[in-house]
Chemist: 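Sharing a structure here in C-alpha cells format.
Every chain is numbered from 1 and lettered A, B, ... according to where its sequence line falls, protein lines coming before strand lines.
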There are 2 protein chains.
Amino acid sequence: MLWISSWLCAFCSVLQGEKERKPNQRDRQAQKSGQLFSGLLALNVVFLGSAFISSMIFNHVAITLADVWILLSILKVLCLCWIIYYLLGTSRQPHAVLYRDTHAGPVWIRGKSCFSSSSHAFLFPPSAWKIQKFFPSPFCSSRCGLMLTIATNLLLWLLAVTNDSIHMEIESQLPRYRMLTISLLIAAFLSLHPGNETDSCTCPNTTTCKVFQKGYILLYPFNTEYCLICCSVLYVMWKNVGRRISHHHIAHVKPKFKLQGVVFGPLLGAAAVIIGICVFMMYQIQATGSAPNYQVFVLYYSYYIVLLPLMCVVAVIGTIIHTLEKRELDTLKNPTRSLDVVLLMGAALGQIAMSYFSIVAIVATNPRDMLNSLILSYSVLLIFQYITQNIFIIDGLQRQPYVAAEAQHTTHAGQLSAEFRRVSLSYIHTYSHLSWKRKALKEISFFLVLCNIILWIMPTFGAHPVFENGLQKSFYGYSTWFAIVNFGLPLSVFYRMHSVGGLLEVYVSA
Amino acid sequence: MLWISSWLCAFCSVLQGEKERKPNQRDRQAQKSGQLFSGLLALNVVFLGSAFISSMIFNHVAITLADVWILLSILKVLCLCWIIYYLLGTSRQPHAVLYRDTHAGPVWIRGKSCFSSSSHAFLFPPSAWKIQKFFPSPFCSSRCGLMLTIATNLLLWLLAVTNDSIHMEIESQLPRYRMLTISLLIAAFLSLHPGNETDSCTCPNTTTCKVFQKGYILLYPFNTEYCLICCSVLYVMWKNVGRRISHHHIAHVKPKFKLQGVVFGPLLGAAAVIIGICVFMMYQIQATGSAPNYQVFVLYYSYYIVLLPLMCVVAVIGTIIHTLEKRELDTLKNPTRSLDVVLLMGAALGQIAMSYFSIVAIVATNPRDMLNSLILSYSVLLIFQYITQNIFIIDGLQRQPYVAAEAQHTTHAGQLSAEFRRVSLSYIHTYSHLSWKRKALKEISFFLVLCNIILWIMPTFGAHPVFENGLQKSFYGYSTWFAIVNFGLPLSVFYRMHSVGGLLEVYVSA
C-alpha cells in the first residue's frame with residue numbers, strides 16, 4: 001500500500017515533470033499531489049484500523065485482539081522499514097540534513113524534528129530530477145512514510161484509549177474487584193490473549209508480577225500521550241517536506257528557559273499543586289475503599305471551584321498585558337504554530353462538550369442539592385477557564401520572542417560577527433532588568449504551567465468524578481454518557497499536557 | 001452572547017488600536033482576534049445546542065422538542081436582527097458593497113455571497129477608527145453575526161438529521177406501519193408536540209393533509225442540504241471579512257456554462273440516470289410492499305458494481321489528462337477553493353468509514369453467498385470511486401480556467417478596452433475548436449455530474465440497503481451500526497451534492 005501510494009504520486013510528478021514548466025510551479029504541483037496521495041494513504045489506514053478495533057469491541061468473536069495486533073504489527077514493521085531506509089539514505093550523505101526546524105515541537109522535545117525534506121532538496125537538485133524518473137520520488141516516499149507512521153500512531157492511541165475505557169467501565173461497575181479486573185485486562189493485553197478469554201488468566205501472587213502490574217498502570221497514560229506527541233511531531237515533519245527555508249528563519253535566535261526574577265507564580269502554583277495532590281489522594285483512598293461518598297465529591301469540586309476562577313483571572317490579565325505590549329506579531333509561516341493552535345482548540349472541544357452536556361443535565365433536572373450546584377459551577381468555570389487560557393496561549397504564541405526582537409535591532413545596526421552577537425545577546429538577556437510587563441507574563445505563565453500539571457495528574461491517574469458522581473449517567477443513560485466521556489476525557493488529558501507545552505513557550509518568549 | 005463576544009473582540013481591537021503600530025500590523029491583529037472570538041462564540045453555541053438535542057433524544061422527559069425549538073427560535077431571532085442591522089448598514093451607503101467574490105459558492109449559487117467586509121473597509125477607513133472606539137467594531141459584529149448564523153444553521157441541520165434518523169429507525173423496525181409512523185413524526189415535528197406524545201396525534205384522512213405530508217417528505221432532504229450550503233457560503237463570507245482584494249482577482253473573467261461539442265458524456269450519463277431510476281423504483285416498490293427480498297438487493301448492488309468501475313476509470317483518465325495539460329496552477333489565495341477541498345475530503349469520510357466497516361464485517365464472517373460478495377465488491381469499489389473522483393475534482397479546481405489563461409495573454413498583448421476584450425473572448429470561446437483534451441475533460445465531468453446526481457437521488461429519497469440488508473447490523477449490533485450509518489449517510493448525501501458542484505466547476509473551467 002505504501003509503495004502503491006508512493007508510486008502513484010511519483011507517477012503524477014513524472015507526468016508533470018515532462019512539461020517545460022517553471023521549477024517553482026513543478027515543485028508546487030509535486031508537493032500538492034504528494035500531500036494528497038500520502039493523506040489519502042493515511043486516511044485509508046486509519047479507517048481500516050478503526051474498523052478492526054470497533055469490530056473487536058462490538059463483536060469479539062469474529063475479530064479478536066490478536067487480529068488487531070497482527071494488523072498493527074504489520075503496520076509497525078512497514079514503518080520500521082521506512083525509518084531504516086530513510087536513516088540509511090540520510091546517513092550516507094554528509095550534508096543530508098542541513099537545517100533543523102527550530103519551531104518544531106514544544107520546548108521539552110525541541111530539536112528532535114529535522115527538515116527531512118531539505119535533505120532531499122540537496123540530494124536531488126532539479127537537474128537530477130529526470131535521472132530517477134521511473135523510481136518513486138524521494139519526496140513522495142518521505143511523505144507516505146511519515147503519513148503511515150502517523151496513522152500507525154493514531155491507531156495505537158485509539159487502541160490504548162479503548163483498552164483504558166474498557167478497564168474504566170469494568171472498574172466502575174465492579175469497584176470491589178478493581179485490582180483483579182485490571183490485572184486480568186493487563187494480562188490479556190500483554191499476552192495477546194483474545195479479549196473473551198481473560199477470565200482464565202490471573203496474575204500469580206508474586207512480587208515481580210505485582211510490580212509490573214502497578215508499573216504498567218502508572219505508565220499507561222504516558223504511553224497514550226506519547227502516541228499523540230509522535231503524531232504531532234510527525235505531522236510537522238510532513239508539512240516540512242519540500243518546504244524551502246528562508247535565511248531569516250535560520251538566524252532566529254531562540255531564548256532559553258531560565259528561572260530568574262519569577263517568584264509569585266512558582267509559589268502560588270506550588271501551593272495549588274500540593275493542595276491538589278492532597279485532595280487527589282483523599283479522593284483516591286475513598287474511591288478504592290468503597291463507592292466514593294458525598295464529602296469527597298464536595299471536596300474535589302470545591303478545590304476546582306477555588307482554583308479555576310484564579311486561573312481565569314490570571315489568563316485574562318495576561319491577555320490584556322499581551323495587547324498592551326509593543327511586541328510585533330510573528331508573521332513568518334510556521335506549521336508548528338498553526339498545529340499548536342489547532343491542537344489547543346481541538347483538544348479543548350472534549351472538555352467543553354462534556355461541560356455543556358453536564359450543564360444541560362443539571363439545569364434540566366433542576367435539583368436544589370449543594371453537590372449539584374457545585375457540579376454546575378465547576379462545569380461553567382471549566383468552559384471559561386479553557387477559553388481564557390486558549391486566548392492567552394494563542395495570543396502569546398503569535399508574538400515574536402523578546403530576544404528575537406532585540407536580535408533584529410542588533411542585526412539592523414550593523415553586521416557584527418555571529419559569536420559577538422550571541423555573547424551580547426546573552427548578556428542583555430541575563431542582566432537586563434525585566435520590565436513589569438515581561439515579569440508579569442512570566443509569573444502568569446509559570447503559575448498556569450503548574451496549575452495545568454496538577455489538573456493533568458488528577459484525571460490521568462484515576463479521578464473521574466464526572467463518571468462516578470452518577471448524575472449525568474442517570475440523565476443520559478449509561479452507554480450514552482460513557483460514549484461522551486470516552487470522547488471527552490482523553491482529549492482533555494491531552495489538552496492539559498499540550499497547554500503546558502504552549503505555556504512554557506509563552507514563558508520562554510516573554 | 002453575541003454582544004458580549006462582539007464587545008470582547010472590539011475591546012481587544014481598541015487596546016491594540018491605542019498603539020502606534022503600522023496599519024497592516026493592526027489590521028492583521030484585529031483580524032486574528034476577531035476570528036478567534038467569533039469562532040469561540042460559534043463553538044459555544046454549537047455545543048450548547050448539541051447538548052440540548054442529545055438530551056432531547058436520550059431523555060425526552062426532561063428536555064422536550066419544544067425546549068429545543070425555543071432555543072433555536074431565540075438563535076434565529078438573533079440572526080435575523082443581525083441580518084437586518086447589516087442590510088440597513090450597507091443599504092444606506094451607496095458604495096457599501098464594492099466587490100463580489102467571484103469564487104464564492106459553486107456555479108449554481110454563484111454571486112450570492114459578497115464581500116461583506118470590503119463594505120466596512122470603506123465605511124470605516126483607518127482614520128475613522130478612533131471615532132468609534134467604544135462601540136463594537138463593525139468587523140467584529142460582522143464576524144460574530146456570521147458565526148452565529150453558521151452555528152444556527154449547523155444546529156438546524158443536526159436537528160433535521162436527527163429527526164430523519166429517528167424516522168428511519170422507526171421505519172426499519174416497523175415496515176408495515178411506514179406511512180403512519182412518518183405522519184406521526186411529521187405531525188409531532190410541525191405542531192411542536194413533545195416527542196413522547198406523538199401517539200395521540202394522527203393525520204386526518206383528507207387530501208390536503210396527505211399532499212402536505214408527502215410533499216414534506218420529498219422536500220425534507222432539500223431542507224437539510226440547504227442548511228449545509230448556507231453554512232459553507234457563510235463560512236466563505238466570514239473568511240472574506242477584512243480581506244483585501246487584489247485587482248488581478250477582480251479582473252478575473254469567469255467562463256460561462258455552455259453545452260457544445262459534448263456528446264458522449266451526456267448520453268452515457270443519461271443512460272446511467274434512467275437505469276438508476278428504474279432500479280430505484282423497483283427497490284422502493286419492494287421495500288414499501290414488504291421487507292426487501294434477495295433479488296432486489298442483487299439488482300441494486302449489481303447496478304452499482306457496473307457503474308462504479310466506469311466512474312473510477314473515467315476519473316483516472318481525467319486526472320491523467322489534467323497532468324498532461326499545460327494549464328498553469330491557480331496560485332491566488334482563494335478561501336472558497338480551500339473550503340471546497342476540505343468539504344470534499346471531509347464529506348467523503350462518511351462513506352469511506354461505512355465501507356471499511358462493511359468490509360471488515362464481511363471478511364470476518366467470511367460468507368460464501370453471492371449477495372455478500374456483491375456487498376464486498378460494492379464497498380471496495382465505493383472507496384476507489386470516492387478517492388479517484390476527489391483527486392480528479394481537486395486537480396481540476398487547482399488549474400486556472402482556460403478562458404482566464406487566454407484573457408491573460410490578451411491583456412499582456414496590449415491594453416485593449418474591456419468591452420472589446422470581452423467580445424473577443426466570447427468569440428474565441430464560442431467558435432474555437434476545442435482541443436481533444438478539453439473536449440475529453442468536458443465529457444468526463446459531464447458524465448460524472450449525471451452519475452453523481454443519480455447516486456444522490458437514491459439514498460436521499462429512501463434506498464438504504466446498507467441498513468436494510470441486515471449483514472452489518474447483525475455483526476456490529478443494532479445500535480452501533482445505526483450510529484455508524486447516522487454518521488456516514490448524511491455526509492455521503494452531502495458529498496454527492498457537493499461533488500456535483502465541483503464537477504460543474506471543472507466542466508466550466510476546462
Side-chain angles (χ1 to χ4, degrees), chain A residues 11-12 15-16 18-21 25 28-29 32-33 36-37 39-40 43-44 47-48 50-52 54-55 57-59 62-63 67 319-320 323-324 326 328-329 331 345 348-349 352-353 355-361 364-366 383 387 390-391 394-395 398 475-477 479-481 483-484, chain B residues 12 15-16 18-21 25 28-29 32-33 36-37 39-40 43-44 47-48 50-52 54-55 57-59 62-63 67 319-320 323-326 328-329 331 345 348-349 352-353 355-361 364-366 383 387 390-391 394-395 398 475-477 479-481 483-484:
Chain A
F11 174 70
C12 281
L15 274 177
Q16 287 151 13
E18 302 277 4
K19 304 264 112 348
E20 307 87 33
R21 287 173 195 274
Q25 176 88 7
R28 230 185 110 80
Q29 203 139 350
K32 288 253 170 200
S33 60
L36 186 64
F37 281 108
L40 284 171
L43 191 142
N44 281 288
F47 273 112
L48 181 65
S50 311
F52 256 80
S54 308
S55 301
I57 298 169
F58 296 110
N59 189 340
I63 298 270
D67 296 326
T319 311
I320 293 173
T323 55
L324 289 175
K326 285 182 187 173
E328 300 277 301
L329 281 186
T331 49
M345 296 302 286
L349 296 187
I352 293 179
S355 292
Y356 270 113
F357 276 92
S358 303
I359 291 170
V360 170
T365 48
N366 196 22
I383 295 175
I387 290 176
N390 269 2
I391 293 173
I394 292 170
D395 224 19
Q398 280 167 352
F475 184 82
Y476 289 106
S479 55
T480 310
W481 184 243
I484 296 169
Chain B
C12 281
L15 276 177
Q16 286 152 13
E18 303 277 6
K19 306 263 113 356
E20 308 85 34
R21 286 174 196 274
Q25 176 88 9
R28 229 186 110 82
Q29 202 140 350
K32 287 254 172 199
S33 61
L36 185 65
F37 281 107
L40 285 171
L43 191 142
N44 282 290
F47 274 113
L48 181 64
S50 311
F52 256 80
S54 308
S55 303
I57 298 169
F58 296 109
N59 189 339
I63 298 270
D67 296 327
T319 311
I320 294 173
T323 56
L324 289 175
E325 267 197 325
K326 286 183 185 171
E328 299 278 301
L329 280 185
T331 49
M345 296 302 286
L349 297 186
I352 293 178
S355 293
Y356 271 113
F357 276 91
S358 303
I359 291 170
V360 170
T365 49
N366 196 22
I383 295 175
I387 291 176
N390 268 2
I391 293 172
I394 292 170
D395 225 18
Q398 280 168 351
F475 184 82
Y476 289 105
S479 55
T480 311
W481 183 242
I484 296 169

Chemist: Would you name the heavy atoms of B:Phe475 and A:Ala62 that are closest together and state the gap between them?
Modeler: CE1-CB, 3.3 Å
Chemist: What's the spacing between A:Ile352 CD1 and B:Leu40 CG if we round to 0.5 Å?
Modeler: 7.5 Å
Chemist: State the CG-CD1 distance between B:Leu36 and A:Ile387, to the nearest 0.5 angstrom.
Modeler: 9.5 Å
Chemist: Please list, chain by chain and in numerical order, all residues satisfying side-chain hydrogen bond (donor to acceptor under 3.5 Å, both in side chains) with B:Asn390, sequence neighbours excluded.
Modeler: B:Tyr495
Chemist: Please enumerate all residues that pass ring pair (Phe, Tyr, Trp, His ring centres under 6.0 Å) together with A:Phe52, with sequence neighbours excluded.
Modeler: none
Chemist: Say you draw a straight line from CD1 of B:Ile394 to OG of A:Ser33; how long is it, rounded to the nearest 0.5 Å?
Modeler: 11.5 Å
Chemist: Mind listing the closest non-hydrogen atom pair of A:Phe58 and B:Tyr476 along with its distance?
Modeler: CB-O, 3.7 Å
Chemist: What are the two closest heavy atoms between B:Ala51 and A:Tyr356, and how far apart are they?
Modeler: CB-O, 3.7 Å
Chemist: Identify which part of A:Thr365 has an atom lying under 4.5 Å from any heavy atom of chain B, answering side chain, backbone, both or neither.
Modeler: neither
Chemist: So for A:Leu349, is it side chain, backbone, both, or neither that comes closer than 4.5 Å to the heavy atoms of chain B?
Modeler: both
Chemist: Counting heavy-atom pairs under 4.5 Å with chain B, which one of A:Gly39, A:Ser55, A:Ser54 comes out on top?
Modeler: A:Ser55
Chemist: Which answer fits A:Ile359, side chain, backbone, both or neither, if we ask what part of it has an atom under 4.5 Å from a heavy atom of chain B?
Modeler: neither
Chemist: For the atom pair CG (B:Asp395) and NZ (A:Lys32), what is the distance rounded to the nearest 0.5 Å?
Modeler: 10.5 Å
Chemist: Over all heavy atoms of both residues, which pair between A:Ile391 and B:Phe37 is shortest? Give the atoms and the distance, please.
Modeler: CD1-CE2, 3.6 Å
